[in-house]
Structure formats: C-alpha cells, structure tokens
Amino acid sequence: MRAIWKGAVAFGLVNVPVKVYSATEDHDIPLHQVHDEDGGRIRYQRRCEICGEVVDFKHIDKAYDDGEHTVVLTDEDLSSLPVERSREIEVVEFVPSDQIDPVMFDRAYYLEPDSTSTKAYVLLRRTLQETDRTAIVQFSLRQKSRLAALRVRGDVLMLQTLLWDDEVREASFPALEEKVRISAKEKQMSAALVDSFSTDFDPENFTDDYQVQLRTLIDAKIEKGDTIDTEETFGAVKDDDDGDNVLDLMEALRRSVEKNREKKAGAKKAAGTSKQKGA
C-alpha cells in the first residue's frame, strides 16, 4: 500500500505521527464504453469551449460562478488556505462508540505509526479500546475539511470519515404515519423467522455475485464470441412468480421459517457427511 497523506493525531499536548492509507479498494471489473456499430472506443475529452482545444489536466483550474461573476481558483490559491496547509488530525472530543449513527460513515483509512517509537500510538489505541470510546477528529484532506471517527480495528487505528450533518437527508414518508395493527402472533412468527436466520457475521461467506457472473460472461464471450447461449452458461432463470397466488403475512412468515429450517438442516447434514468422509 502507498501512503496518501502524512500528519499527526493531536489530542491535548500529545502528538501521534501517522501515515494514512486507504483501507478499501474497488474490486469491480473495469469496463469502458464503445460504439455499438463498430466497437470504437468512446472517450471523454476536456475541451475548452472558447478555443476548442483539448486541454491537459495540468492546465485546468477550478472556478466559482454565481451567475454574475466568475472567480478562477488555481492550485496555489487552494493550497494557500490555512486549513489545507495543516497536517494535523485534531481530536475534538471522545464519545461513546454507540452514539455514532452508521449512516454517517463514509471512507475508511488505516493509520500507520510514523515515528521511531510507537508508544504514543499504542497508548491511544489501548485507551480507546479500554474506554469503549471513539475519537471525533477534524482534518483536511484533498482540498476538503473532513469530520471523522478515529477508532480501533484489530491492532490498527482507523479513520472513518463522516458525512456532515446537512449531508444526511431526513426520511419523510407519509406511509409511515399510518397506524398499523400488528398481532402478537405475527410478532412471534416474525421473531421466529429472525431466529432461524440468526448467526455470527462472517464477511468471507459473501461474494459479489454480479462481478463473478460478469467475469463468467466475459470469459464465455472471449471463447465463443456473440454466439454464447446465456442459459447454457448460467442455467435457466427460475421463475418465482406464483401469479395470482398472494400469501397473507402470517402464511408467508410460516413458510419462510419452515423453508429456512429445512435449509439449515440440509447444510448440517451435508457438513456431517463431509466430516465422515474426511475421517
């Protein structure tokens, strides 16, 4: 991994020098656009509307236009802002970890110690762990002021940038204002359905099916061209539509519980058979 930023976490008079790394990466298969008639590549060009020339990115500045005035802002202008020059991740408060609404979480970054001694880094990490607190910090990255949660993941300090309060929309749906009667039996059956699905979360159990199927499609087209049979490649698509057979809520819950219990029983049986073969 390559560090994208260097600075220091500052709380009180304590400074913890760190390097910042992106904690996530995109695994999507890269696709580009082509002309459907001849397969020619479709490219987007930065073209000046005055002179008509294609402009290199290094010659592009930013500008603000309020309808009457246009203000051009160069890279030098933007980098001159005091907040942009700061290399400090300032801790502004420590809050209970459960007070941060997950809807506010944005990008994640790892922090690596950037000094010969890791004592201050380890001390901050252990303090957050033992107090079950998350540090709310402010810093500047890539020409933006950032609000972030500084927390612990394993042995690493992690920055999770937060959306600003006015970036989270309010949910206002008239349907939710209607009064709905839920019977005790429906709640009991719903709880049974939740229990039948209950387990410990393991992200390794999940795959991006779309990307897997997209790769299969690409490989099939490389081998067979446009003559591929999608049903042969992926199998027939199951039709789950029962037409006019509409189930009421209780019946849908009951069938769902039974179906999931049968599925779990089958999985346990298959696991037991594989263990016997392995023995």
Side-chain angles (χ1 to χ4, degrees), residues 23-24 26-28 93-108 128-129 131-134 136 147-149 151-154 158 160-217 230-231 233-276:
T24 60
D26 187 356
H27 68 195
D28 289 358
E93 58 188 16
F94 292 93
V95 302
S97 298
D98 60 4
Q99 286 188 359
I100 304 175
D101 189 337
V103 74
M104 297 186 70
F105 285 129
D106 196 13
R107 298 295 302 271
L128 291 174
Q129 286 175 315
T131 60
D132 194 22
R133 295 270 168 167
T134 294
I136 301 300
L147 182 70
R151 59 189 184 86
V152 180
R153 186 175 191 266
M158 168 176 274
Q160 193 108 29
T161 55
L162 302 174
L163 298 173
W164 297 98
D165 182 62
D166 62 358
E167 292 181 313
V168 180
R169 291 167 141 182
E170 288 294 327
S172 178
F173 305 118
L176 296 179
E177 298 174 9
E178 298 177 8
K179 291 185 178 180
V180 178
R181 183 181 177 277
I182 304 294
S183 70
K185 188 66 176 177
E186 286 169 334
K187 286 194 289 185
Q188 181 182 357
M189 189 62 71
S190 181
L193 180 58
V194 170
D195 184 63
S196 71
F197 276 91
S198 295
T199 186
D200 292 322
F201 177 63
D202 183 353
E204 292 185 359
N205 292 336
F206 301 90
T207 57
D208 187 340
D209 292 339
Y210 180 84
Q211 294 300 318
V212 172
Q213 293 171 11
L214 180 58
R215 172 52 66 188
T216 300
L217 178 61
T230 54
E231 188 167 311
T233 303
F234 297 105
V237 178
K238 295 181 180 179
D239 185 3
D240 294 328
D241 187 6
D242 292 330
D244 295 330
N245 184 21
V246 180
L247 300 176
D248 65 24
L249 182 56
M250 277 298 297
E251 181 65 11
L253 288 169
R254 185 187 66 78
R255 290 194 187 183
S256 298
V257 171
E258 290 179 355
K259 183 178 179 180
N260 202 47
R261 284 175 177 169
E262 290 173 1
K263 182 180 177 181
K264 281 192 171 182
K268 286 183 179 179
K269 185 177 180 181
T273 302
S274 63
K275 282 184 179 179
Q276 289 178 357

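The pair Arg254-Glu251 meets the salt-bridge criterion, since a charged nitrogen lies less than 4.0 angstrom from a carboxylate oxygen.
With rounding to the nearest 0.5 Å, the separation of CG in Asp132 from CG in Asp98 is 7.0 Å. Between atom CE of residue Met189 and atom CZ of residue Arg255 there is a gap of 12.5 Å, rounded to the nearest 0.5 Å. Atom CG of Leu163 sits about 5.0 Å away from atom CG of Asp106, to the nearest 0.5 Å. Separation of atoms CZ (Arg151) and CD (Gln129) is listed at 12.0 Å; rounding is to 0.5 Å. Atom CG of Asp208 is separated from atom NE2 of His27 by 3.5 Å, given to the nearest 0.5 angstrom. Here the CG-CG distance, from Leu214 to Asp209, works out to 12.5 Å after rounding to the nearest 0.5 Å.
Within 6.0 Å of CG on Asp200 lie no more than 12 heavy atoms contributed by other residues, nucleotides or ligands. Within a 6.0 Å radius of CG in Asp165, no more than 12 heavy atoms belonging to other residues, nucleotides or ligands are found.
Between Phe94 and Thr131 there is no side-chain heavy-atom pair separated by less than 4.5 Å.
The shortest heavy-atom contact between Ser256 and Ala252 is OG-O, 2.7 Å. The minimum heavy-atom distance between Ser196 and Asn260, with the atom names listed, is O-ND2, 2.5 Å. Between Ala192 and Val257 the shortest heavy-atom distance is C-CG2, 4.0 Å.
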Begin from the C-alpha positions of Thr134 and Leu128 and carry the test side-chain contact (heavy atoms from CB on, under 4.5 Å) through to its verdict. CA-CA 6 Å; Thr134 294; Leu128 291 174; 5.9 Å; no
From CA spacing to verdict: side-chain contact (heavy atoms from CB on, under 4.5 Å), Phe105, Leu162: CA-CA 5 Å; Phe105 285 129; Leu162 302 174; 3.6 Å; yes
Please evaluate residues Asn205 and Thr199 with respect to the criterion side-chain contact (heavy atoms from CB on, under 4.5 Å), reporting the C-alpha separation (whole Å), side-chain torsions for both, the decisive distance (0.1 Å), and the verdict. CA-CA 12 Å; Asn205 292 336; Thr199 186; over 6 Å; no
Pair Met104, Val168 - check side-chain contact (heavy atoms from CB on, under 4.5 Å), show working. CA-CA 7 Å; Met104 297 186 70; Val168 180; 4.3 Å; yes
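Formation of a donor-acceptor pair under 3.5 Å by the Ser190 side chain with backbone atoms of Glu186 is not found in this model.
Between the side chains of Gln160 and Arg107, not a single donor N or O lies within less than 3.5 Å of an accepting N or O.
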